Protein chains: 2
Amino acid sequence: MNKILVVEDEESLRELISFNLTKAGFDVVDSENANDALIFIEEITPDLIILDIMMPGLKGTQFLQILKRSPKYSSIPVIIISARSSESDIVDGLELGADDYITKPFSMKVLIAKVKILLRRVSKKEDNVINYKGIYVDIDKYKVFIEDKEISLTYKEFELLLFFLKNPKKVFTRSQLLSNIWGYDAEIFTRTVDSHISSLRKKLEDKGELIKSLPKVGYVLE
Amino acid sequence: MNKILVVEDEESLRELISFNLTKAGFDVVDSENANDALIFIEEITPDLIILDIMMPGLKGTQFLQILKRSPKYSSIPVIIISARSSESDIVDGLELGADDYITKPFSMKVLIAKVKILLRRVSKKEDNVINYKGIYVDIDKYKVFIEDKEISLTYKEFELLLFFLKNPKKVFTRSQLLSNIWGYDAEIFTRTVDSHISSLRKKLEDKGELIKSLPKVGYVLE
DNA sequence: AAATTGTGTTACAATATTATCATAAAGATT
DNA sequence: AATCTTTATGATAATATTGTAACACAATTT
């Protein structure tokens, strides 16, 4: 999730922007002045900054200069918002190093679209994920969430869950599971699978009920 | 010198834009329709495109779609110019993949400032610094700082850290790390990785805890 | 040449995971 | 209902993995 820092002195506008960005799925931190903003940048290193250029105290322009001179943070994209819409204001803002300039009043949808564009180039890698009935698995990260709450699985539990998720509604015998996940060939009589199913079900909480057992056959993820 | 392709059907505006861009030091090619523009792109591969979205013949939107679907040219930045200024027009244009949207009538100075911004970002060579959760790496200088304090890493430790920083939160097996950092078929035991992880963790002090080990899987930078 | 540094290997203790087993629970069959 | 079969699950032992210090050797520096 991308982090956005909103620097705006006017409370109602700051809250409106924060609310809309949060709703759009961003992780928002806001600051009512540029001095605090500099501290936040150190702390959270945002992926993008929305900056009101006219503020009491440290001016937006000064803030932008400081930011753009810092090798550490100069690459963070900045969108300026400003009530001033004259040609020279816009050109000045952009020449200071801002990546976009939006004049007040502005549309939240447009702001969000512009935020997305600027972030598009930064985070282009797509995730390898599976989402099935409230079970969310990020395969590359080895992470599992049930209804947005992360749970921790062991290797075998993870592999087992992943196998079911890749083959939902298909019934597997214990030997099939053993050969696919454990790599065993022989038709061994063992309760090992049962045992792992049991602990997986418990960790999946109510989603555990999605793993059904079919007597005399095996297991399915419904 | 940067090459800019201007796609605009209205002759007077096309000439005005071309004239101003040329005066600003750009190498301009113009096209009065989108079909021709596609040919120019093949021939000259411009660094940036200025596109009127409403044109007879092949529409600007269609042109943009074709462009953005082409892996070869999808990264060329596009500035849309349009008489339509409604919120939905702007959002649609941006979502199609444009990098900016300017409504007619517009200021030439602003257009040029925006062109410069987009070119600045493209021409800026890929980041040679990484800043992640208090770990700051200057790749060219081979320097690593944790919370502004410089630490000294060996070559392998540095490469290992860099690899993790470039792929944060992704889990890698020891073999993956070996092949990515040590080379193709380095005849090396996987426990070597553990060893290096261990020393890297120690040098990273409290940040060392960001490198997590996943039993039976590998390591991740959280 | 000696000292230092970087790297890969090994050994062993500390951890974590997994398989197995015993027993309970559930379901089927008569 | 009684009996038999199958599944669930917790405890525990067995196994596998990981962390790290120690060491050897090569490369580099002094």
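Chain A is the first sequence line, chain B the second, and so forth, proteins listed ahead of strands; every chain is numbered from 1. Fair warning: this is a prediction, and the values are worked out from it, not measured in the lab.
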Taking atom [atom2] of [N] as reference, at what distance in whole Å does atom [atom1] of [X] sit?
X         : N       : atom1 : atom2 : answer
Ile197(B) : dT17(D) : CD1   : C1'   : 14 Å
Arg191(A) : dA25(C) : CZ    : P     : 17 Å
Glu159(B) : dG6(C)  : CD    : P     : 14 Å
Leu178(B) : dT9(C)  : CG    : C1'   : 13 Å
Asp194(A) : dA24(C) : CG    : P     : 18 Å
Leu153(B) : dT7(C)  : CG    : P     : 10 Å
Phe189(B) : dT7(C)  : CZ    : P     : 19 Å
Lys202(A) : dA8(D)  : NZ    : C1'   : 10 Å

- Message: Would Tyr73(A) and Glu42(A) count as a side-chain contact (heavy atoms from CB on, under 4.5 Å) here? Give the steps.
- Response: CA-CA 9 Å; Tyr73(A) 303 118; Glu42(A) 291 281 349; 3.2 Å; yes
- Is the side chain of Asp9(A) donor-acceptor paired with the backbone N or O of Asn33(A) at a distance under 3.5 Å, no angle test?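 No; zero donor-acceptor contacts below 3.5 Å.
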- Considering only dG8(C), dC12(C), dA8(D), which nucleotide approaches the side chain of Lys156(B) most closely?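 Out of dG8(C), dC12(C), dA8(D), the nucleotide with an atom closest to Lys156(B)'s side chain is dG8(C).
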Quick check on [N]: is either OP1 or OP2 less than 4.0 Å from any side-chain nitrogen or oxygen of [X]?
X         : N       : value
Tyr219(B) : dG19(D) : yes
His196(B) : dT7(C)  : no
Thr154(A) : dT18(C) : yes
Arg174(A) : dT7(D)  : yes
Lys216(A) : dT7(D)  : no

- Message: For a quick check, tell me whether the side chain of Ser198(B) and the base of dT18(D) share a donor-acceptor pair closer than 3.5 Å.
- Response: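 Looking at the base of dT18(D), it does not pair with any donor or acceptor on the side chain of Ser198(B) (distance under 3.5 Å).
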- Item | Pair of N/O donor and acceptor under 3.5 Å linking dT9(C) base with Ser195(B) side chain |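 Answer is yes: a donor-acceptor pair is held.
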Heavy atoms only, 4.0 Å cut-off, all strands: where does [X] land among base, sugar-phosphate and nothing?
X         : result
Leu160(A) : nothing
Phe158(B) : nothing
Thr192(A) : base
Leu214(B) : sugar-phosphate
Arg201(A) : sugar-phosphate
Ser199(B) : nothing

- Task: Assign each of Tyr155(B) and Pro215(B) to its nearest nucleotide of DNA chain C by heavy atoms, then name whichever residue's nucleotide is nearer the 5' end.
- Result: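 Looking at the nearest nucleotide for each, Tyr155(B) comes out on the 5' side.
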- Item | Residue mapping more 5' on DNA chain C - nearest nucleotide basis, Trp182(A) or Lys203(B) |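 Nearer the 5' end of the strand: Lys203(B).
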- Item | Arg174(A) and Asp194(A) ion-paired at < 4.0 Å |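 Looking at Asp194(A) together with Arg174(A), the answer is yes, because their closest N to O distance falls below 4.0 Å.
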- Item | Test: Glu222(B) and Lys133(B) ion pair at under 4.0 Å |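 Answer for the salt bridge query: no.
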- Message: Given Ile53(A), which partner from the list Asp92(A), Val7(A), Ile80(A) fulfils the side chain to side chain contact (heavy atoms under 4.5 Å, CB included) test?
- Response: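 With Ile53(A) as partner, side chain to side chain contact (heavy atoms under 4.5 Å, CB included) holds for just one option, Ile80(A).
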- Applying the side chain to side chain contact (heavy atoms under 4.5 Å, CB included) test to Leu160(B), which of Thr154(B), Leu165(B), Ile197(B) qualifies?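 Of all the options given, the one that passes is Ile197(B).
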